[in-house]
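Only a predicted model underlies this, so the values are computations on that prediction, with no experimental measurement involved. Heads up: numbering here begins at 1 and tracks the sequence. When reading the values below, keep in mind they use all heavy atoms of this one structure, side chains included, and skip hydrogens, waters and symmetry mates.
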Amino acid sequence: RGSVESAQQAVIRSAEEAAAGGRVHALTLTDNPGGNPAISAEMLGAEISSLGVEPLVHFTCKDKNRNQLEALLYGLERATVRNFLVMSGDYTYTGYQGRSKPVFDLDPTQLFGLISALNEGLEVPILGRSTTLSQMHLYAGAVVSPFKALESEVMGQYFKLRQKLEAGAQFIVTQLGYDARKFHEALLMVRHLGYPNVPVVGNIYVLTPPPARLMHRNGLPGCVVTDELLAQIEAESPSRAAAQSAARERAARLYAVMRGMGYAGAHIGGHGLRYADVEAIIERGEELAPNWIDLVPEFDYPQPNGWYYFDRDPETGLNRETPAAKTAPGPKSWGYRLMRLMGHGMFDTTGPLFKPMRAAAERIDGTPWAPRIARAEHVAKVISSECLHCGDCALPDLAYLCVTSQCPKGERNGPCGGSRDGWCEVYPGEKQCIYVRAYDRLKPYGEEDTLGSYHIPPANYDLLYTSSWLNFFMGRDHTAKRLGVEPPGKTEGDRAKAQTQAKPSKAPSTDAEA
């Protein structure tokens, strides 16, 4: 926090050393880490670019709406800052005179869509006509968090990974963890999804006792330090110097394992880390790399009862490329059964009530009855789903759970990386992650792989406080567009074209033949 404090000066010194050393290809800049205000990563990136080392700007969705995100990308293109690590970002916790209001207007998959459109030349309306902007040159990567214990959490991460890759992510960086098998799983999954040429970078944190304790108690959501690892770190740290030496050696060994697995690079960080430490870790890691397979057992820290996507390879301690069996489904929810029945009857284009409901909507839309219907619908959905009256309803996309009201980050295309043991990052021990709940609702029907099988656009705020029922039947909301429900008067040919454009993408399969 600040502009010319010692922390910012230390960043500049590190950048100068990295540029002179030549071993580091990019200096990563976090965006308001921990949900706290800090110097703008975008502005700092422009300054560091002039020092001769490439900035990798963390570009997050938490503090900026879609207009500001687009505006910043225009400015960064002019400043030739073009490498970004796109993510949701930490939930906001502090700010001037109290906690700030989180934004989360776009999720990462939607932001990748914007970046891809800018790179292709965005078509925009200006003064009643359409024009195409000059193509941009942005290189954006995504994050995946494989360090999850529950099948529902693991699958949610990989559903969203597929969405990010399809939307244009050009490289992948993992979350922090110390389980070699999970690092290997993430690498295999990128290939399994059909993207063998997308570079994957492994995340290494130089882990001393204080941050290890913080991660162990989930103080940094998504970063996992198990009981066994914490006990080992505490035992090897009789002094601060010994702890730092052991942490650097562990980082070098993980670097060697990642190189042996086939990672394209390493993202190395740590509290108070100096450039000389980074260079020493790289050199030691390269020295150890030829015998990397012997080091794999040193990073065997599974979470209790943790689920892995791939079968274990007993010879290497890593993974085979055959998907593992899924766990048994739980019981069917009576509430969800009722919602499915109502949803099919009213909103499925083949349902018995679809045609009469659409005919009624045509008569009501635009009349004084429309706001009355909106109020009645809102009351019903507040009772059933904690509705916030967005008018662009996503209930059908998430097993009839409201992502707007029940996910603090409003993630429409998959979970963030902050859950632990199924609990929401913002409400640990109080609320389950909404995607864990949706997965568990769908699994008894064999439909869990439909989560993330198509891309959901950001909410359209032109529809705020209007009836989502009318918006659906009149062809205005995103679900109507996906299902080919066109406004009255559209031809069958128009409807068929819309359905072709909205074909779902393929979900990760657990079939061994996939």
Side-chain angles (χ1 to χ4, degrees), residues 30-36 60-63 87-95 98-104 107-108 143-160 174-179 182 203 205 207 209-231 233-234 271 301-308 327 330 385-386 388 398-399 401-441 451:
T30 55
D31 180 18
N32 289 358
N36 304 305
T60 71
C61 305
K62 64 180 182 294
D63 300 314
M87 62 189 85
S88 301
D90 298 324
Y91 196 77
T92 54
Y93 282 96
T94 63
R99 176 181 286 197
S100 66
K101 180 181 179 180
V103 180
F104 296 108
D107 67 31
V143 176
V144 65
S145 186
F147 303 99
K148 302 297 180 186
L150 304 182
E151 176 192 313
S152 52
E153 289 180 291
V154 174
M155 292 303 296
Q157 285 298 309
Y158 295 144
F159 290 147
K160 192 167 187 179
T174 69
Q175 178 58 285
L176 293 172
Y178 297 88
D179 182 347
K182 280 293 185 182
N203 205 337
Y205 193 89
L207 194 62
R213 297 180 197 117
L214 182 66
M215 294 179 194
H216 177 260
R217 64 174 183 265
N218 202 28
L220 290 176
C223 305
V224 176
V225 170
T226 62
D227 294 344
E228 293 78 11
L229 178 56
L230 180 62
I233 291 171
E234 297 282 16
H271 184 67
Y301 295 106
Q303 296 178 72
N305 301 313
W307 186 82
Y308 294 80
T327 58
S385 309
E386 303 176 29
L388 293 181
L398 203 61
L401 295 169
C402 178
V403 68
T404 305
S405 65
Q406 296 175 47
C407 175
K409 298 182 181 181
E411 301 276 307
R412 287 196 165 205
N413 287 287
C416 74
S419 68
R420 173 78 70 89
D421 296 324
W423 296 108
C424 172
E425 165 192 332
V426 183
Y427 302 103
E430 298 178 31
K431 293 185 178 182
Q432 275 191 311
C433 170
I434 189 172
Y435 279 91
V436 168
R437 294 172 60 199
Y439 188 92
D440 291 342
R441 279 187 168 193
L451 276 179

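The side chain to side chain contact (heavy atoms under 4.5 Å, CB included) test applied to Pro210 returns Thr208, Arg213, not counting sequence neighbours. For Asn36, the side chain to side chain contact (heavy atoms under 4.5 Å, CB included) partners at least two apart in sequence or on another chain are Tyr93, Thr94. Residues passing the side chain to side chain contact (heavy atoms under 4.5 Å, CB included) test with Cys61, sequence neighbours excluded: Pro108, Leu111. Residues passing the ring pair (Phe, Tyr, Trp, His ring centres under 6.0 Å) test with Phe147, sequence neighbours excluded: Phe183. Among residues two or more places apart in sequence or in another chain, the side-chain hydrogen bond (donor to acceptor under 3.5 Å, both in side chains) test is passed with Thr60 by Asp31, Lys62. For Thr327, the side-chain hydrogen bond (donor to acceptor under 3.5 Å, both in side chains) partners at least two apart in sequence or on another chain are Glu151, Lys443.
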Go through the steps for Tyr205 and Met215 under the test side-chain contact (heavy atoms from CB on, under 4.5 Å), then give the verdict.
-> CA-CA 11 Å; Tyr205 193 89; Met215 294 179 194; 3.8 Å; yes
Test side chain to side chain donor-acceptor pair (under 3.5 Å) on Asp63 and Asn32 and set out the steps.
-> CA-CA 9 Å; Asp63 300 314; Asn32 289 358; 3.0 Å; yes
Kindly determine whether Thr226 and Gln303 satisfy side chain to side chain donor-acceptor pair (under 3.5 Å), including the steps that lead there.
-> CA-CA 7 Å; Thr226 62; Gln303 296 178 72; over 6 Å; no
Is there a side-chain contact (heavy atoms from CB on, under 4.5 Å) between Val225 and Leu176 once you walk through the steps?
-> CA-CA 9 Å; Val225 170; Leu176 293 172; over 6 Å; no
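Annotation: side chain of Arg437 is in contact with side chain of Gln406 (closest heavy-atom distance under 4.5 Å). Side-chain contact check for Ser419 versus Tyr435: every heavy-atom pair is 4.5 Å or farther apart. Looking only at side-chain heavy atoms (C-beta outward), Tyr439 and Met155 come within less than 4.5 Å of each other.
Here Lys409 pairs with Glu425 in a salt bridge; the nearest charged N to carboxylate O distance falls below 4.0 Å.
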